[in-house]
Amino acid sequence: WRCYDSTLITDDIMFIVLIRSKMGTMKSLLIVCMFVFVYSCVSSLNNLISLCLCLGLANSRKDVVTVTPWLAPIVWEGTFDMNILDAIYKPQNITVANTVFAVGKYVQFLKDYLESAEQYFMLGYRVHYYIFTDQPEAVPTVTLGADRRITTLKIPGSDRWQEITLRRMEMIENLIETQLVSEADYIFCLDVDTKFYGHWGAESLSRLVAAVHFGFYSASREHFTYERRPESQAYIPYGEGDYYYGGAMIGGLVREVYKVTKTCHLWLDMDKANSIEAVWQEESHLNKYFLYNKPTKLLSPEYLWHGPYAGNEVKIIRFTQVWKDASKVRPN
Ligand SMILES: CC(=O)N[C@H]1[C@@H](OP(=O)(O)OP(=O)(O)OC[C@H]2O[C@@H](n3ccc(=O)[nH]c3=O)[C@H](O)[C@@H]2O)O[C@H](CO)[C@H](O)[C@@H]1O
Ligand SMILES: [Mn+2]
């Protein structure tokens with residue numbers, strides 16, 4: 001059952017890429033055919049499916065990097081086959097939790113968020129939205145698909161937007177601890193000032209999933225806006241760092257995301273005790289966490305974009321920030 005382990009699939013991809021670059025196309029094709037034959041004789045059907053996926057799709061995007069230096073896939077349009085992925089994940093009967101916070105004026109984003117999620121997010125899977133808000137009465141009534149439901153959780157408001165965004169770590173940690181360990185398999189924690197515009201499905205599932213921030217996917221690491229003050233727990237020195245990840249998306253197995261939120265909550269508390277707030281609040285801490293706990297899958301900026309128009313490499317927008325006048329919607 002190698003398909004369940006993304007790193008093993010990646011091994012296969014690397015093997016194919018390696019022989020294609022070392023030999024001519026005909027020779028490598030012959031070797032691949034022999035390999036497929038031997039492979040199919042000795043492996044399960046699932047292994048063969050995994051190999052076919054790699055043969056067909058591994059090199060289909062030449063304009064973008066599709067694998068990290070630690071061999072985690074970076075998900076771009078054209079690098080995966082939904083039929084194969086659904087054949088793997090659907091039989092597992094998984095439940096996907098989705099947390100979203102709508103505090104103060106941000107409740108206005110809920111309608112579009114939920115309606116678009118119902119059109120594109122994890123269709124065909126059991127989805128449970130958990131909406132944290134200070135105004136449960138303002139949660140819109142949205143028609144949900146079969147096997148999809150909403151739980152509204154009342155939380156206090158705040159007069160600082162930074163406090164609202166960074167407190168998400170602690171609240172998600174508590175939710176997982178008290179409920180989700182027994183209620184869900186995977187979780188995605190997303191920003192609410194957003195909208196889905198395209199398919200977001202099982203290709204996004206893995207043990208620990210991060211999204212490459214749209215502003216930095218082609219930037220060099222010196223330009224990443226990591227926290228640079230050594231006094232903060234989020235500190236990352238110049239010369240270190242892999243990618244700059246967006247705070248608007250944390251995903252993965254419930255138990256893995258629990259570790260993210262617990263650790264970041266601890267670091268946020270330590271910073272608070274030292275009267276320091278990281279430059280991008282919990283996003284800075286998240287970047288520190290992912291530097292030392294590498295995500296097993298990265299979502300390309302298709303999954304965290306910043307407007308309705310696609311870019312050069314971004315051929316499809318799946319999930320995007322919506323425009324907001326921060327001075328009008330934030331409390332400070
Ligand atoms: C695209 C992206 O990666 N965005 C991140 C970025 O700025 P953003 O400008 O995207 O932050 P933001 O104002 O959207 O706040 C993040 C989230 O906190 C919630 N919220 C915030 C304010 C408020 O009054 N009410 C409320 O409910 C809401 O769910 C919102 O989506 O940096 C923030 C930390 O500084 C977060 O890490 C965001 O996820
Ligand atoms: Mn946002």
Side-chain angles (χ1 to χ4, degrees), residues 4-7 9 68 70 72-77 79-80 82 85-86 88-89 92 94-101 113 116-117 120-132 148 165 168-169 171-173 175-176 179-181 183-196 198-214 217 242-265 282-283 285-291 293-305 317-321:
Y4 292 155
D5 186 333
S6 57
T7 56
I9 293 182
T68 69
W70 59 95
I74 308 176
V75 186
W76 290 93
E77 174 72 353
T79 61
F80 57 89
M82 261 345 288
L85 285 160
D86 280 338
I88 295 166
Y89 287 101
Q92 295 185 42
I94 56 172
T95 298
V96 181
N98 169 224
T99 61
V100 72
F101 287 70
Y113 175 88
S116 63
Y120 298 112
F121 179 70
M122 298 307 299
L123 298 187
Y125 291 86
R126 192 177 309 110
V127 172
H128 194 157
Y129 302 98
Y130 296 86
I131 302 175
F132 292 81
R148 299 171 77 95
T165 175
R168 293 186 291 181
M169 290 292 185
M171 293 184 196
I172 297 167
E173 176 194 351
L175 176 72
I176 295 178
Q179 292 188 45
L180 294 198
V181 270
E183 286 181 10
D185 303 287
Y186 290 91
I187 179 170
F188 287 99
C189 313
L190 304 176
D191 262 24
V192 75
D193 55 331
T194 52
K195 199 173 163 179
F196 291 85
H199 166 93
W200 177 321
E203 76 285 354
S204 65
L205 299 173
S206 191
R207 191 165 65 75
L208 184 59
V209 189
V212 180
H213 194 292
F214 49 78
Y217 71 100
D242 308 302
Y243 298 88
Y244 191 82
Y245 304 106
M249 205 302 296
I250 312 171
L253 286 172
V254 165
R255 65 165 188 273
E256 287 300 324
V257 174
Y258 177 70
K259 288 189 220 161
V260 178
T261 54
K262 195 178 167 67
T263 308
C264 290
H265 173 203
E282 86 301 339
E283 182 177 85
H285 290 273
L286 186 67
N287 272 278
K288 172 82 174 266
Y289 186 90
F290 284 144
L291 174 57
N293 305 271
K294 307 283 192 216
T296 54
K297 186 173 274 186
L298 266 59
L299 303 183
S300 70
E302 294 167 3
Y303 294 79
L304 186 53
W305 195 236
I317 300 170
R318 304 176 191 281
F319 183 66
T320 180
Q321 293 280 291

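Numbering starts at 1 and runs along the sequence shown.
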A.B. asks: Return yes if some donor-acceptor pair links the side-chain N/O of Lys297 with the main-chain N/O of Glu203 below 3.5 Å, else return no.
C.D. replies: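 Yes; at least one donor-acceptor contact below 3.5 Å.
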A.B. asks: Within the structure provided, determine whether Phe121 and Val96 are in side-chain contact (heavy-atom separation under 4.5 Å).
C.D. replies: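 SC-SC contact between Phe121 and Val96 confirmed.
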A.B. asks: Can you name the nearest heavy-atom pair linking Ala97 to Leu180, along with the distance?
C.D. replies: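 Ala97 and Leu180 have their closest heavy atoms at CB-CD1, 3.9 Å.
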A.B. asks: Which heavy-atom pair separates Ala202 from Asp86 by the least distance, and what is that distance?
C.D. replies: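 Heavy-atom minimum between the residues: CB-OD1, 3.9 Å.
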A.B. asks: Evaluate side chain to side chain donor-acceptor pair (under 3.5 Å) for Tyr125 paired with Gln92, printing each intermediate quantity in order.
C.D. replies: CA-CA 10 Å; Tyr125 291 86; Gln92 295 185 42; over 6 Å; no
A.B. asks: Using the side-chain contact (heavy atoms from CB on, under 4.5 Å) definition, which of the options Phe214, Phe196, Trp305 pairs with Thr320?
C.D. replies: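 One option only clears the test, and that one is Trp305.
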A.B. asks: Kindly give the heavy-atom pair with the smallest separation between Ser116 and Lys195, and that separation in Å.
C.D. replies: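 So the minimum-distance heavy-atom pair works out to OG-CG, 3.6 Å.
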A.B. asks: Once rounded to the nearest 0.5 Å, what's the spacing between atom CG of Asp191 and atom CZ of Phe101?
C.D. replies: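 If we round to the nearest 0.5 Å, Asp191:CG and Phe101:CZ are 10.5 Å apart.
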A.B. asks: Taking the side chain from Trp76 and the backbone from Glu302, do they hold a donor-acceptor pair closer than 3.5 Å?
C.D. replies: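 Flag not set: sc Trp76 to bb Glu302 has no pair under 3.5 Å.
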A.B. asks: Once rounded to the nearest 0.5 Å, what's the spacing between atom CG of Leu208 and atom CZ of Phe290?
C.D. replies: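 Separation between the atoms: 4.5 Å.
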A.B. asks: Take the angle between the ring planes of Tyr245 and Tyr243 and call it parallel below 30°, perpendicular above 60°, tilted in between.
C.D. replies: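 Judged by the thresholds at 30° and 60°, the geometry between Tyr245 and Tyr243 is tilted.
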A.B. asks: So, for Val209 and Met249, which heavy atoms are closest and what is the spacing to 0.1 Å?
C.D. replies: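 Closest pair (atom of Val209, atom of Met249, distance): O-CE, 3.4 Å.
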A.B. asks: With a 4.5 Å heavy-atom cut-off, do Asp193 and Gln321 have their side chains touching?
C.D. replies: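 Counting from C-beta outward, Asp193 and Gln321 do come under 4.5 Å.
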A.B. asks: Testing the basics here: between Met122 and Ser204, what is the closest heavy-atom pair and its distance to 0.1 Å?
C.D. replies: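 That would be SD-OG, 4.1 Å.
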A.B. asks: Scan side-chain atoms only and decide if Tyr289 and Glu282 contain a donor-acceptor pair under the 3.5 Å cut-off.
C.D. replies: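 Side-chain D/A pair, Tyr289 to Glu282: absent.
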A.B. asks: Nearest 0.5 Å, please: how far is SG in Cys189 from OH in Tyr130?
C.D. replies: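 With rounding to 0.5 Å, OH (Tyr130) is 11.5 Å from SG (Cys189).
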A.B. asks: Any ion pair linking Arg126 and Asp185 (charged N to carboxylate O, less than 4.0 Å)?
C.D. replies: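 Salt bridge flag = no for Arg126 with Asp185.
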A.B. asks: To the nearest 0.5 Å, what is the distance between CZ on Phe188 and CG on Leu190?
C.D. replies: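 Phe188 atom CZ to Leu190 atom CG measures 8.0 Å (nearest 0.5 Å).
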A.B. asks: Mark yes or no for whether Glu173, through its side chain, and His265, through its backbone, hold a donor-acceptor pair below 3.5 Å.
C.D. replies: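 Here the side-chain-to-backbone pair does not exist.
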A.B. asks: If the plane angle is over 60° it's perpendicular, under 30° parallel, otherwise tilted; pick one for Tyr113 and Phe319.
C.D. replies: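 If you compare the ring of Tyr113 with that of Phe319, the planes turn out perpendicular.
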A.B. asks: Would you check, one step at a time, whether the test side-chain contact (heavy atoms from CB on, under 4.5 Å) holds for Leu304 with Val212?
C.D. replies: CA-CA 7 Å; Leu304 186 53; Val212 180; over 6 Å; no
A.B. asks: CE/Met169 to CD1/Ile250 distance, rounded to the nearest 0.5 angstrom?
C.D. replies: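 Separation between the atoms: 3.5 Å.
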A.B. asks: Please check if the side chain of Thr296 supplies one atom and the backbone of Arg207 the other of a donor-acceptor pair under 3.5 Å.
C.D. replies: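 Yes; at least one donor-acceptor contact below 3.5 Å.
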A.B. asks: Would you call Ile187 and Ile172 a side-chain contact if the rule is heavy atoms closer than 4.5 Å?
C.D. replies: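 Of all side-chain heavy-atom pairs linking Ile172 with Ile187, at least one is under 4.5 Å.
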A.B. asks: When you measure from the side chain of Arg318 to the backbone of His199, do you find a donor-acceptor pair of N or O atoms at a distance under 3.5 Å?
C.D. replies: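 Such a contact is found between Arg318 side chain and His199 backbone.
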A.B. asks: Considering all heavy atoms of both residues, which atom of Val254 and which atom of Ala184 are nearest to each other, and what is their separation?
C.D. replies: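 Shortest heavy-atom separation between Val254 and Ala184 comes out as CG2-O, 3.5 Å.
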A.B. asks: Is any side-chain heavy atom of Thr194 less than 4.5 Å from a side-chain heavy atom of Val100?
C.D. replies: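 Not touching, per the 4.5 Å side-chain cut-off.
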A.B. asks: Would you call Lys294 and Thr68 a side-chain contact if the rule is heavy atoms closer than 4.5 Å?
C.D. replies: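 No; the side chains remain at least 4.5 Å from each other.
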A.B. asks: Rounded at 0.5 Å granularity, tell me how far CG in Leu286 sits from CG in Leu291.
C.D. replies: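 If I round to the nearest 0.5 Å, the distance is 11.5 Å.
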A.B. asks: Mind checking whether Tyr120 and Trp200 have ring centres under 6.0 Å apart?
C.D. replies: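 Here the rings of Trp200 and Tyr120 have centres that are no less than 6.0 Å from each other.
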